[in-house]
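Proteins come first, then strands; the chains are lettered A, B, ... in the order of their sequence lines, and each starts at number 1.
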Number of protein chains: 2
Amino acid sequence: MVEPQADIARIESLPLRLVVADMLRTGIVEGRLRPGTPIVEAALAEQLNVSRAPVREAIQILEADGLIDNLPYKGKRVKPLTAKSVEEIYSIREQFEAFAVRRIIESGADVSPLSEHVSAMFAAADAADLVALIAADAAFHRTLIRLADHGLLLTLWDHLALRIRQIMALRNRANADLRQVAANHPPIVEALTARDLDRVLSLVSQHSRSASEIDLKWLEVAP
Amino acid sequence: MVEPQADIARIESLPLRLVVADMLRTGIVEGRLRPGTPIVEAALAEQLNVSRAPVREAIQILEADGLIDNLPYKGKRVKPLTAKSVEEIYSIREQFEAFAVRRIIESGADVSPLSEHVSAMFAAADAADLVALIAADAAFHRTLIRLADHGLLLTLWDHLALRIRQIMALRNRANADLRQVAANHPPIVEALTARDLDRVLSLVSQHSRSASEIDLKWLEVAP
DNA sequence: TGCGCATCGATTGTCGACTGTATACAAGCA
DNA sequence: TGCTTGTATACAGTCGACAATCGATGCGCA
């Protein structure tokens with residue numbers, strides 16, 4: 001159940017379903033709505049002072065994103081996270097990034113946009129600001145994908161990134177070495193700049209796999 | 001617009017939105033609803049003798065599948081196919097299949113389930129049955145993905161396969177050499193059986209790229 | 001003539017009420 | 001006792017009506 005909340009803000013007069021979807025999505029990927037939490041249309045509608053229709057549609061959007069499970073006529077819930085699904089998510093991520101860097105190096109795209117995100121990560125690490133670090137990390141990787149100039153890939157990535165954010169929000173944050181996280185990225189930029197495909201691929205692959213291992217470890221204690 | 005149709009069959013008492021979604025999906029991937037065709041909720045609802053709610057939800061499902069475009073308050077339509085989107089779809093397909101075969105060879109999974117689909121393809125080619133050939137081809141590739149034992153990959157594949165089917169349905173069918181299509185597949189099975197990763201990768205990649213080229217060629221004359 | 005502006009039609013967006021389905025639990029029966 | 005059968009409840013699913021939005025059309029006016 002989502003915490004009690006006042007009336008819904010209709011920013012920019014977006015359709016309500018999108019506002020509601022965003023609210024739920026944020027709650028899920030930030031870990032406030034944990035896997036398994038029941039999502040009940042009527043309850044949500046009442047809390048947000050809207051009818052069930054837009055709530056229902058919002059839930060269906062998140063269903064398509066793979067964040068919510070639908071058990072027909074029984075109920076919906078935040079999709080449970082299993083070790084296997086975490087492994088699958090990270091292994092696909094590895095493929096996507098590998099594909100992206102191959103395209104980037106082939107096309108000779110300018111990789112300088114990555115640098116500012118690296119700086120942001122170090123700044124966040126120095127300030128011990130985990131939220132900012134996660135945001136900068138996400139921005140770095142999304143930019144990497146964007147440089148591949150592949151619309152479908154970017155769409156698929158955005159879906160995947162949601163689930164990765166969810167996983168990261170769920171793991172025990174106290175144990176992360178923030179500067180280490182930031183330090184993982186400059187070598188990728190360097191290797192990209194040097195057009196050293198093999199080295200980039202190896203770094204990216206290692207990056208995904210170590211993240212996967214960390215998450216699997218922490219999900220054991222907090223499933 | 002979908003052709004006039006009597007009352008909707010509520011097979012197995014599935015929720016209406018799923019029945020409607022299936023109907024629309026089939027129409028799109030079989031090419032009866034061509035890219036750009038407007039999809040109007042009210043009209044569909046009347047044709048199918050249901051209310052707008054399930055129709056609306058069905059449309060949203062296909063929106064998530066990437067088959068339908070939504071221009072808010074203006075209308076929805078079958079998403080137009082551009083050369084770039086075709087290229088993107090096939091290039092992602094290539095990545096997925098490459099990933100799948102790497103996993104298959106690593107895990108040593110039994111690839112014999114592929115053989116029956118190859119047989120089916122040759123039978124269809126001999127009978128000059130294009131529909132059966134396309135079905136067998138789709139089954140072959142889906143099985144290949146399934147053998148990788150990766151749930152998320154299979155989900156992503158199924159979405160992609162829809163759009164590939166749509167593209168294939170839209171291209172001029174008279175010009176295909178059916179036996180040639182079938183003949184492309186046995187070498188893949190052989191190389192898989194021999195665990196020859198490099199050769200499989202090369203074959204699979206070639207397979208995707210030639211399909212992409214053919215489709216791009218035919219989409220020029222019928223966009 | 002040409003330009004702003006009310007109006008209208010088409011289409012999606014939202015609502016509240018009704019209906020269908022599944023589960024659990026209690027009541028009836030062999 | 002153990003099985004079936006009813007019944008209550010908590011949901012999702014569907015419906016018909018109404019509201020909001022956008023684009024086009026046509027009208028008045030300089």
Discussion item. Is there a side-chain contact between A:Lys76 and the phosphate of D:dG13, meaning an N or O under 4.0 Å from OP1 or OP2?
Written reply: yes
Fill in: Side chain of B:Asn70 - closest among C:dG13, C:dT23, D:dA12
C:dG13
Worksheet item: What nucleotide among D:dC15, D:dC11, C:dC15 has an atom nearest to a side-chain atom of A:Val50?
Response: C:dC15
Discussion item. Side chain of A:Arg52, heavy atoms from C-beta onward: which of D:dC11, C:dA17, C:dG13 has the nearest atom to it?
Written reply: C:dA17
Worksheet item: Is any side-chain nitrogen or oxygen of A:Ser51 closer than 4.0 Å to OP1 or OP2 of C:dT14?
Response: no
Worksheet entry | Spacing of A:Leu18 atom CG relative to C:dT12 atom P, expressed in whole Å | 15 Å
Discussion item. At less than 4.0 Å, is any side-chain N or O atom of B:Arg56 found next to OP1 or OP2 of C:dG13? Yes or no.
Written reply: yes
Worksheet item: Counting only side-chain N and O atoms of A:Arg17, is one of them less than 4.0 Å from OP1 or OP2 of C:dG13?
Response: yes
Item to complete: Give me the ring orientation class for B:Phe96 and B:Trp157: parallel if the planes are under 30° apart, tilted from 30 to 60°, perpendicular past 60°.
Response: tilted
Discussion item. Can you measure A:Glu46 atom CD to D:dC11 atom C1' for me and round it to whole angstrom units?
Written reply: 15 Å
Item to complete: Tell me what B:Ile39 touches on the nucleic acid: a base, only sugar-phosphate, or nothing, going by heavy atoms under 4.0 Å.
Response: sugar-phosphate
Item to complete: Write down the distance between CG (A:Leu16) and C1' (C:dT12), rounded to a whole number of angstrom.
Response: 13 Å
Discussion item. Considering every strand and a 4.0 Å limit on heavy-atom distances, what is the contact class for B:Leu71: base, sugar-phosphate, or nothing?
Written reply: nothing
Worksheet item: Can B:His117 and B:Asp137 be counted as having a side-chain donor-acceptor contact under 3.5 angstrom?
Response: no
Worksheet entry | Contact summary for A:Ala21 and A:Ala58, nearest pair of heavy atoms | N-CB, 3.4 Å
Worksheet item: In whole angstroms, how far is the P atom of D:dT14 from the CG atom of B:Asn49?
Response: 15 Å
Fill in: Ion pair check, B:Glu63 and B:Lys79, cut-off under 4.0 Å
no
Response to the item:
Whole-Å distance, A:Lys74 NZ to C:dA22 C1', equals 8 Å
Discussion item. Within the 3.5 Å criterion, strictly below it, is a donor on B:Arg25 or B:Gln166 matched to an acceptor on the partner's side chain?
Written reply: no
Practice prompt. With DNA chain C as reference, determine whether A:Pro54 or B:Gly75 sits nearer its 5' end, using the nearest nucleotide of each.
Written response: B:Gly75
Discussion item. Expressed as a whole number of angstroms, how long is the span from B:Glu41:CD to D:dA17:P?
Written reply: 17 Å
Worksheet entry | Gap between atoms CD and P, on B:Glu57 and C:dT14 respectively (whole Å) | 13 Å
Discussion item. Tell me the interatomic distance from A:Ile68, atom CD1, to D:dA12, atom C1', rounded to whole angstroms.
Written reply: 14 Å
